[in-house]
Amino acid sequence: MDPMLTIAVRAARAAGDLIARYSGRVDTLKITPKGRNDFVSEVDKQAEREIIGILQKAYPTHGFLGEEGGRQSGSQGKSDFMWVIDPLDGTTNFLHGFPQFSVSIALMHKGKIECGVVYDPTSQELFTAKRGAGATLDNRRIRVSKQKGYNGALLGTGFPFKDQRHVDAYLGMFRDFMKDTAGIRRPGSAALDLAYVACGRYDGFWEIGLKPWDLAAGVLLVQEAGGIVSDLEGSDQFMLSGNVVAATSKLHPLMMDTIRPHLTPALRNQPQPSPAANPPESSADASGA
Ligand code: IPD
Ligand code: CA
Ligand code: CA
């Protein structure tokens with residue numbers, strides 16, 4: 001295995017073991033609200049420290065972007081290498097004893113995702129990817145499913161529960177996907193959702209408003225497993241917007257067609273025009289309707 005991936009796996013397993021040790025005594029944990037519907041526990045923070053400790057020992061000059069600790073430079077200041085870490089993806093599940101959460105670690109070099117690890121401490125499933133070298137689940141190569149159309153397709157998603165601005169647009173997409181596919185799942189760990197696209201458990205996944213640490217490792221898993229990842233408009237800006245669509249190559253364009261009519265100016269990442277500058281007839285054009 002690639003040496004950087006080996007270290008990332010070691011860090012993910014160490015954090016996963018720590019999370020698993022706490023899973024039986026969640027009621028004793030100190031839980032702090034971070035924002036609307038957003039919580040952090042001591043476990044998230046400890047797991048992040050554990051991961052950074054292991055990575056830093058091997059790569060002292062690398063930088064870090066952790067969900068809990070934010071940005072951290074390496075020993076020589078700014079570095080081209082940055083580890084992007086979600087120490088516990090699915091905190092709400094973890095705090096409710098709902099066994100769907102994961103550790104997500106990715107390495108970026110000059111803005112490109114080079115390797116990624118998603119580890120599920122409950123099932124002990126380990127997903128890894130290295131740019132150009134494929135993706136694996138427990139050391140076996142994985143590929144996205146062979147799903148070509150909506151008939152029989154299973155999609156994964158996440159609800160935009162933190163930022164309510166996009167709820168109506170999201171529900172429009174949800175309604176259309178529900179009508180056309182075999183089913184939609186919302187387990188609650190975006191990193192695992194992407195890993196499930198990579199290994200063919202889902203045929204596609206979409207979510208609005210994710211963060212780089214939710215996405216980085218899972219995105220590389222999907223790409224290295226032969227899937228397509230884009231933002232809601234089909235571009236590669238998903239790490240910036242946090243809006244993502246990941247699917248098999250045949251399903252991805254169909255998902256884009258379903259999503260397009262529901263895009264609002266805010267979801268298009270365009271500045272919202274003032275009503276005066278946007279007479280009714282031109283707004284209909286701009287909506288693409
Ligand atoms: C959350 C999970 C969830 C997604 C949320 C994320 P967290 O991460 O990935 O599936 O819907 O948007 O914030 O907060 O548990 O690390
Ligand atoms: Ca997360
Ligand atoms: Ca988290």
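Keep in mind that what you see is a predicted model, and the values were worked out from it rather than measured. Ligands are counted one by one from 1 in listed order, and the atoms in each one are counted from 1 as well.
Residues Glu224 and Lys130 form no side-chain contact, since every pair of their non-hydrogen atoms from C-beta on lies 4.5 Å or further apart. The side-chain heavy atoms of Met108 and Trp83, taken from C-beta on, include no pair separated by under 4.5 Å. Looking at heavy atoms from C-beta onward, Tyr119 lies in side-chain contact with Gln124 at the 4.5 angstrom threshold. Residues Ile113 and Leu107 form no side-chain contact, since every pair of their non-hydrogen atoms from C-beta on lies 4.5 Å or further apart.
Other residues, nucleotides and ligands contribute more than 12 heavy atoms inside 6.0 Å of the CG atom of Asp257.
The ligand atoms of ligand 1 that sit less than 4.0 angstrom from a heavy atom of Thr91 are 15 (O). Residue Leu88 approaches ligand 1 through these ligand atoms, each under 4.0 Å from one of its heavy atoms: 16 (O). Taking a cut-off of under 4.0 Å to the non-hydrogen atoms of Ala190, the atoms of ligand 1 that pass are 2 (C), 9 (O), 10 (O). Annotation for ligand 1: atoms under 4.0 Å from non-hydrogen atoms of Gly188 are 2 (C), 3 (C), 10 (O).
With 3.0 Å as the limit, Leu88 counts as an N, O or S neighbour of the Ca ion (ligand 3). Contact annotation: Glu67 places no N, O or S atom under 3.0 Å from the Ca ion (ligand 2).
Only the side chain of Asp86 comes within contact range of ligand 1, with a heavy atom under 4.0 Å; no backbone atom does. Using a 4.0 Å cut-off between heavy atoms, Lys162 contacts ligand 1 through its side chain alone, with no backbone atom that close. Looking at Ser189 against ligand 1, only its backbone comes within 4.0 Å, counting heavy atoms. For Arg186, every heavy-atom contact with ligand 1 shorter than 4.0 Å involves the side chain, none the backbone. Of the heavy atoms in Trp213, none comes closer than 4.0 Å to ligand 1.
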Output, in order, the C-alpha distance, side-chain angles, deciding distance and verdict of side chain to side chain contact (heavy atoms under 4.5 Å, CB included) for Leu18 and Gln46.
-> CA-CA 8 Å; Leu18 187 145; Gln46 268 191 46; 3.7 Å; yes
Thr61 vs Tyr59, side chain to side chain contact (heavy atoms under 4.5 Å, CB included): CA-CA, chis, key distance, verdict | CA-CA 6 Å; Thr61 61; Tyr59 301 108; 5.6 Å; no
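Between Phe159 and ligand 1, no pair of N/O atoms sits closer than 3.5 Å. Close N/O approach between Gly90 and ligand 1 is found [any backbone or side-chain N/O within under 3.5 Å]. An N or O contact shorter than 3.5 Å is missing between Gly158 and ligand 1 by distance.
Looking at Thr248, Asp193, Thr157 one by one, the single match for side-chain hydrogen bond (donor to acceptor under 3.5 Å, both in side chains) with Tyr202 turns out to be Asp193.
As for Asp214, its N/O/S atom nearest the Ca ion (ligand 2) is the one called OD1. Restricting Asp89 to its N, O or S atoms, the one at the least distance from the Ca ion (ligand 2) is OD1. The name of the N, O or S atom in Asp86 nearest to the Ca ion (ligand 2) is OD2.
The shell of residues lying under 4.0 angstrom from ligand 1, judged by heavy atoms, excludes Lys211.
Side-chain N or O atoms of Asp180 include none that pairs as donor or acceptor with a backbone N or O of Tyr150 at under 3.5 Å.
Taking the ring centre of Phe159 as origin, the terminal cationic atom of Arg186 falls inside the region bounded by 6.0 Å and 45° from the ring axis.
Closest heavy-atom approach to atom 1 (C) of ligand 1 within the set Asp163, Asp89, Leu210: this belongs to Asp89.
Salt bridge present: Asp163 and Arg165 bring a charged side-chain N and a carboxylate O closer than 4.0 Å. Note on Glu42 versus Arg25: no salt bridge recorded, every NZ/NE/NH1/NH2 to OD/OE distance being 4.0 Å or above.
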